[in-house]
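Structure, as structure tokens:
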Amino acid sequence: MPIVLYNSLTRKKEEFVPLVPGRVHIYVCGPTVYSHAHIGHAKSYLSFDMIVRYFRYRGYKVKYVQNITDVGHLTDDADEGEDKILKKAREEKLDPMEIAEYFAWSYFDDMQKLGVLRANIFPRATGHIVEQIDLIQRLLVKGYAYEVNGNIYYDVSRFAGYGKLSGRKVEELDAGARVEINPEKRHPADFALWKKAEPQHLMRWNSPWGEGYPGWHIECSAMSMKYLGETFDIHGGGLDNIFPHHECEIAQSEAASGKPFVRYWLHNNMVTVNGSKMSKSTGNFITIKDALQQFNTPTLRYFIFSSHYRSRLDFSNEALQAARVGLDKLLLTIKNVKKKIDPAGQIKNFHSPFDPSGFRKQFEEMMDDDFNTPRALAVLFELSGEVNSYLNSGLSLHQPFLQTIDQLLRDTAGQVLGLIPEDLLASAEAGRKGDIEKIVQVVIDIRKKLRDHKQYQLADQVRSDLGKVGITLVDKPEGTTFEYQSE
RNA sequence: GGCGCCGUACCCAAGUGGCUAAGGGAGAGGUCUGCAAAACCUCCAUUCGACGGUUCGAAUCCGCCCGGCGCCUCCA
């Protein structure tokens with residue numbers, strides 16, 4: 001079965017056919033590193049993490065490139081105003097590179113905590129000034145760009161395809177434009193490829209047109225083509241980057257190379273807080289660090305995957321709490337399977353109570369359909385119900401069957417969705433024999449004596465006191481076990 | 001002003017022309033249990049913002065209206 005994905009360029013679902021069989025070349029717009037990442041970034045990078053993980057699960061060799069924008073964009077409009085990184089640098093009285101470096105590491109740190117697998121290459125804009133200048137020169141030579149006073153602008157009217165991604169027409173762009181007309185531009189929709197550095201501008205590089213710095217679209221064209229080729233499979237990013245950023249990338253890249261730039265454009269939708277979009281510029285945002293204070297990584301991942309990547313998602317404490325409870329139910333099944341694998345034996349004439357491979361097929365079917373994680377999760381919950389039924393059925397458990405289920409859950413919930421915490425992925429009994437476990441076992445043994453003597457009041461107090469320190473006792477006919485409560 | 005999206009049970013959220021409208025949370029009853037928790041079983045939208053229309057058949061297509069939102073400016 002092929003993977004089908006929604007291509008923003010054609011506005012419909014298309015079968016994914018890689019340029020090179022078995023390989024996926026993907027570029028995702030990374031962050032501008034001038035502040036801590038927020039949960040909107042989390043949705044975006046978690047979505048593409050899931051997509052990349054799924055391609056790998058399906059056997060593709062993925063080359064994943066994500067840029068780090070350390071030049072900074074401009075504060076007010078496309079071509080005027082102050083660079084955000086520079087602004088921060090001035091405020092903090094630091095070198096702009098210190099700002100970029102600090103927040104780049106903050107970003108990497110957040111992503112690691114969210115279980116986002118690293119991209120294969122993280123090119124930085126400041127490390128690719130040469131490539132950007134080269135690309136601008138190609139555009140100048142081909143007549144797609146022009147110079148005015150050390151500034152280079154892209155001539156939108158020369159590129160017939162401008163607007164094909166965002167559905168905009170060049171003629172309509174200036175009507176109702178909120179940007180003041182820049183007299184240097186031939187057309188209001190023209191955009192800067194290179195800006196002359198004013199004397200007070202801190203980040204500056206030599207170029208054939210004097211000292212300056214690159215415009216904010218050119219880095220992605222230069223770096224994606226450098227590492228993935230002039231035509232590559234997938235370009236991803238947030239919906240809010242379609243215009244102007246991605247539209248401009250297409251214009252720059254296709255004008256320079258004369259070839260199609262990207263075959264499939266994927267865009268994730270936004271996170272809202274209290275119904276309105278969260279963004280750095282409005283101050284209406286929750287950082288990933290804040291979110292991680294309250295909720296653990298699997299909960300945040302589960303929450304984000306419980307809606308489709310192309311759907312908007314409203315962040316609220318209630319929704320997160322519901323996510324946590326739901327996820328715990330799924331994780332409990334995974335735990336219970338693990339616990340019972342070792343003691344289980346081989347059953348002669350074993351009749352499978354359900355077909356695990358059917359669940360794997362359904363999971364893949366949902367993921368193949370434009371990465372429909374909400375439906376994929378529904379499949380896992382149905383599987384969980386079947387597994388729990390079997391574990392509780394009182395039948396003797398068949399070890400190979402449990403191993404098949406364990407592997408299925410590891411592949412789907414674990415490898416693809418990244419919902420299984422590290423300690424659960426470890427072997428069933430590993431980490432369970434620590435001192436705390438031994439002590440709790442002693443308490444359980446004493447409590448059993450209390451219960452044998454019908455001293456229930458005291459027995460209940462032991463259970464509730466342990467509950468207060470995060471340990472839940474579970475009484476079963478065959479004895480008492482315990483669980484650590486999730487955060 | 002232009003382009004576009006969304007409105008599905010108490011909450012979150014799939015489904016986009018045809019089996020009984022997924023799944024999770026919350027809620028109700030039951031099994032088990034000294035009690036509790038978990039798990040399991042059962043129940044929980046004749047209905048998909050409103051109104052028209054197309055169709056043998058629509059939550060799904062079309063029109064209009066109401067409500068919410070995104071992009072057009074840096075943004076994931």
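Atom set for the values below is all heavy atoms of this structure, side chains included, hydrogens, waters and symmetry mates excluded.
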Using a 4.0 Å heavy-atom cut-off across all strands, classify [X] as base, sugar-phosphate, or nothing.
{"X": "A:Q321", "value": "nothing"}
{"X": "A:G40", "value": "base"}
{"X": "A:V271", "value": "base"}
{"X": "A:Y45", "value": "sugar-phosphate"}
{"X": "A:K43", "value": "nothing"}

Within this structure, what is the [atom1]-to-[atom2] distance between [X] and [N], rounded to whole angstrom?
{"X": "A:F103", "N": "B:C74", "atom1": "CZ", "atom2": "C1'", "value": "16 Å"}
{"X": "A:Y302", "N": "B:G24", "atom1": "OH", "atom2": "P", "value": "8 Å"}
{"X": "A:F191", "N": "B:C74", "atom1": "CZ", "atom2": "C1'", "value": "16 Å"}
{"X": "A:E247", "N": "B:C71", "atom1": "CD", "atom2": "P", "value": "17 Å"}
{"X": "A:M50", "N": "B:A76", "atom1": "CE", "atom2": "C1'", "value": "14 Å"}

Query - Watson-Crick or G-U counterpart of B:G7, or none if no pair lies under 3.5 Å - result: B:C66
Query raised in the report: Would you call the rings of A:H38 and A:H41 parallel, tilted or perpendicular if under 30° counts as parallel and over 60° as perpendicular?
Result: tilted
Requested in this report: Classify the angle between the aromatic ring planes of A:F191 and A:Y162 as parallel (below 30°), tilted (30 to 60°) or perpendicular (above 60°).
Outcome: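 Correct class here is parallel.
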Query raised in the report: So, for A:F232 and A:H25, is the gap between ring centers shorter than 6.0 Å?
Result: no
Expected rows: protein N/O vs nucleotides 6-17 of chain B N/O, under 3.5 Å:
{"residue": "B:A14", "atom": "OP1", "partner": "A:H308", "partner atom": "N", "Å": "2.9"}
{"residue": "B:A14", "atom": "OP1", "partner": "A:S311", "partner atom": "OG", "Å": "2.9"}
{"residue": "B:A14", "atom": "O3'", "partner": "A:N372", "partner atom": "ND2", "Å": "3.4"}
{"residue": "B:G15", "atom": "OP1", "partner": "A:N372", "partner atom": "ND2", "Å": "3.2"}

Query raised in the report: Under 3.5 Å, is there a donor-acceptor pair between the A:H187 and A:S157 side chains?
Result: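 There is no such pair between these side chains.
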Query raised in the report: Could one point to a donor on the side chain of A:K277 or the base of B:C75 with an acceptor on the other under 3.5 Å away?
Result: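 Looking at the base of B:C75, it does pair with a donor or acceptor on the side chain of A:K277 (distance under 3.5 Å).
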Query - Nucleotide of B:C75, B:C72, B:G25 approaching A:H41 most closely (side-chain heavy atoms) - result: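 The closest nucleotide is B:C75.
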Report task. Report the residue from A:F55, A:F305, A:F363 that forms a ring pair (Phe, Tyr, Trp, His ring centres under 6.0 Å) with A:F371. Result ->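 Checked A:F55, A:F305, A:F363 against A:F371; only one passes ring pair (Phe, Tyr, Trp, His ring centres under 6.0 Å): A:F55.
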Report task. Quick one, give me the B/S/- string for nucleotides 30-43 of chain B, reading 5' to 3', where B means a protein heavy atom under 4.0 Å from the base and S means that only happens at the primed atoms, P, OP1 or OP2. Result -> ----BBBBSSSS--
Give a yes or no on whether a salt bridge exists between [X] and [Y], defined as a side-chain N under 4.0 angstrom from a carboxylate O.
{"X": "A:D328", "Y": "A:R324", "answer": "no"}
{"X": "A:R451", "Y": "A:D475", "answer": "yes"}
{"X": "A:K448", "Y": "A:D445", "answer": "no"}
{"X": "A:K195", "Y": "A:E184", "answer": "no"}

Requested in this report: Could you work out the separation of B:G34 and B:C11 based on their C1' atoms and round it to a whole Å?
Outcome: 36 Å
